[in-house]
Amino acid sequence: MKGQRSATPNPNHKHPKSTKSITISSTFKQTKKTLISNIPKNLKSAKTLENPSSPQQSLNWVPLNLSKSELFLPLTLPTGQTFRWKQTGVFQFTGVVKSHLVSLKQLDNGNGDVVFFVHKSNDEFKAREVLNDFLNVGISLSEMWATFSASDLRFSEVASCLGGARVLRQDPVECLMQFLCSSNNNIGRITKMVDFISSLGEYLGTVEGFDFHKFPSLERLSLVSEDELRAAGFGYRAKYIVGTVKALQSKPGGGAEWLVSLRSLDLNEVIEALCTLPGVGPKVASCIALFSLDQHHAVPVDTHVWKIATRYLMPELATARLTPKLCIRVAEAFVSKFGKYAGWAQTVLFIAELPSQKALLPTNSETPQKQKSVRTKVKESGSYGHLFGSKFC
């Protein structure tokens, strides 16, 4: 074997850990501080969450057969694709998929394996099935990222440190309503608005102080007035939500079926169809297309994604002003570089720019000047959510 000096093992020789194990261990240690600091006050103490009490330990956690390289929860659930999942432990998140209330937890066991627990479901087998669908488990990150890393230097720099950042496949109605709330908004307000809408659905249970509900149907949402939404703090977005619900209900077969049918169309057709709904522009439409409609090459473009593109893909346009036409060029540049999963690549490159993830990256992954620029211009960490106040195409 290559590198083997003797057929007789040396009892004093210490075998080094694999690069993969070091990366996973390092990621867990560096991410743990951030996760503990993000735990809401209404939860148990950080010490208790690090060493769960017997009731937590007695939960029947089931392996999801996904390791950290295929799904890293802190880089997937709280990064702005969805606003319905709550952090209920250091490496634990709880949410609702369809009518199933489930918790996901990342084990600090060397591989970073993911396990799940079903708190409430009429069919636990079905719960796993819809959870796998929600997590897009049929798509291999390892294969995809190997291809991306071979074709792009920046991606290869961040890929080993930000493994497991997976794009979700959400229910289209749920995704649409969440991103209507995101327009010119911040993460805190978006979450409050989404919580209000969610509370209109069937109550499923409480986990670590958080109430969870099945997402309300269009029929239930149609009973909510614009005045009620404004009173709940939705502002001008109230009219868009009310208008969109009415528009969806007028679609042949119902709005939910119409949205699902968009999964079979080309991306341009999907964007055009979504933009007929009140309050939906190209940027929000691209988010919905990527996160719920199987349009894996959709690239949501705002001023922050523009900066990423001009820094790594299109430096010749660094001094240009972002316009709708340039938004299209940016999306095309991502697709040209990364192909049919360009939206997944853009998601990872975006996460790499968040201050909360900088500690996970190699110190030489950017020049000091570029690092200063990112820290200055992106002031609040955590997710796509805090960037929804920026200019969109």
Side-chain angles (χ1 to χ4, degrees), residues 20-21 23-121 124-137 141 162-170 204-212 351 356-357 360 382-383:
K20 180 179 178 183
S21 296
T23 301
I24 291 175
S25 176
S26 175
T27 301
F28 264 85
K29 289 179 180 178
Q30 295 181 55
T31 305
K32 198 169 192 177
K33 282 187 177 180
T34 301
L35 291 174
I36 290 176
S37 66
N38 287 341
I39 293 173
K41 294 180 180 179
N42 63 306
L43 296 189
K44 301 174 182 178
S45 68
K47 182 177 180 181
T48 302
L49 288 167
E50 288 186 66
N51 302 285
S53 60
S54 54
Q56 276 277 347
Q57 291 176 328
S58 65
L59 295 182
N60 184 27
W61 294 96
V62 181
L64 198 56
N65 299 325
L66 291 173
S67 65
K68 184 258 175 188
S69 62
E70 287 294 326
L71 173 61
F72 193 38
L73 300 176
L75 297 184
T76 301
L77 295 174
T79 52
Q81 298 184 56
T82 176
F83 304 92
R84 295 244 295 151
W85 286 71
K86 308 298 183 183
Q87 184 183 345
T88 51
V90 178
F91 283 104
Q92 180 178 318
F93 297 85
T94 302
V96 176
V97 184
K98 299 294 185 182
S99 60
H100 314 281
L101 175 58
V102 299
S103 284
L104 291 168
K105 182 166 68 173
Q106 202 103 35
L107 301 180
D108 192 356
N109 64 349
N111 291 324
D113 294 325
V114 180
V115 294
F116 74 99
F117 175 76
V118 180
H119 296 274
K120 182 175 182 179
S121 173
E124 293 195 11
F125 177 82
K126 184 67 175 179
R128 179 168 189 149
E129 184 179 272
V130 299
L131 183 59
N132 283 336
D133 182 71
F134 173 74
L135 294 172
N136 258 327
V137 298
L141 281 190
L162 300 179
R166 178 171 287 277
V167 169
L168 301 172
R169 188 177 194 253
Q170 301 177 63
L204 296 178
T206 300
V207 179
E208 295 291 356
F210 294 107
D211 292 338
F212 292 92
I351 291 173
S356 60
Q357 308 307 330
L360 302 180
S383 71

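Note: hydrogens, waters and symmetry copies are ignored here, and every other heavy atom, side chains too, is used.
- With values rounded to the nearest 0.5 angstrom, T76 atom OG1 is found 10.5 Å from E70 atom CD.
- Without hydrogens or angle criteria, N136 side chain to V167 main chain gives a donor-acceptor distance under 3.5 Å.
- Checked by atom type and distance alone, the side chain of Q81 pairs as donor or acceptor with a backbone atom of R166 at under 3.5 Å.
- Judged purely by atom type and a 3.5 angstrom limit, Q87 has no side-chain atom pairing as donor or acceptor with the backbone of P74.
- For the residue pair S67/D113, the side-chain donor-acceptor check at 3.5 Å is not satisfied.
- Closest non-hydrogen pair, L75 versus G163, comes out as CD1-O, 3.9 Å.
- Only one option out of H119, K86, E208 pairs with S103 in a side-chain contact (heavy atoms from CB on, under 4.5 Å); it is H119.
- At a threshold of 4.5 Å between non-hydrogen side-chain atoms, the residues L131 and H100 do not count as touching.
- Side chain of T94 to main chain of L101: no donor-acceptor pair is present (N/O by atom type, distance under 3.5 Å, no hydrogens or angles).
- Looking at heavy atoms from C-beta onward, L141 lies out of side-chain contact with L71 at the 4.5 angstrom threshold.
- Separation of atoms CH2 (W61) and CG (L104) is listed at 7.5 Å; rounding is to 0.5 Å.
- The structure places OG1 of T206 at 8.5 Å from CZ of F212, a figure rounded to the nearest 0.5 Å.
- With Q92 contributing its side chain and K105 its backbone, the two residues share no donor-acceptor pair below 3.5 Å.
- The closest donor-acceptor contact from the side chain of Q106 to the backbone of F91 lies at 3.5 Å or more, if one exists at all.
- Note: L66 CG to N111 CG = 12.0 Å, rounded to the nearest 0.5 Å.
- Applying the side-chain contact (heavy atoms from CB on, under 4.5 Å) test to D133 and every residue at least two apart in sequence or in another chain returns R169.
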Run L135 and L64 through side-chain contact (heavy atoms from CB on, under 4.5 Å) and show every step you take.
CA-CA 11 Å; L135 294 172; L64 198 56; 3.5 Å; yes

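- Listed for the R84 side chain is no donor-acceptor partner under 3.5 Å among the backbone atoms of G95.
- The distance from the NZ atom of K126 to the OG atom of S99 is 9.5 Å, given to the nearest 0.5 Å.
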Check step by step if side-chain contact (heavy atoms from CB on, under 4.5 Å) holds for E124 and V62.
CA-CA 11 Å; E124 293 195 11; V62 181; over 6 Å; no

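- Ring-plane geometry between F134 and W85 is classed as parallel, the angle between the planes falling under 30 degrees on a 0 to 90 degree scale with a further cut at 60.
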Between V118 and N60, is a side-chain contact (heavy atoms from CB on, under 4.5 Å) present by the stated rule, with each step listed?
CA-CA 9 Å; V118 180; N60 184 27; over 6 Å; no

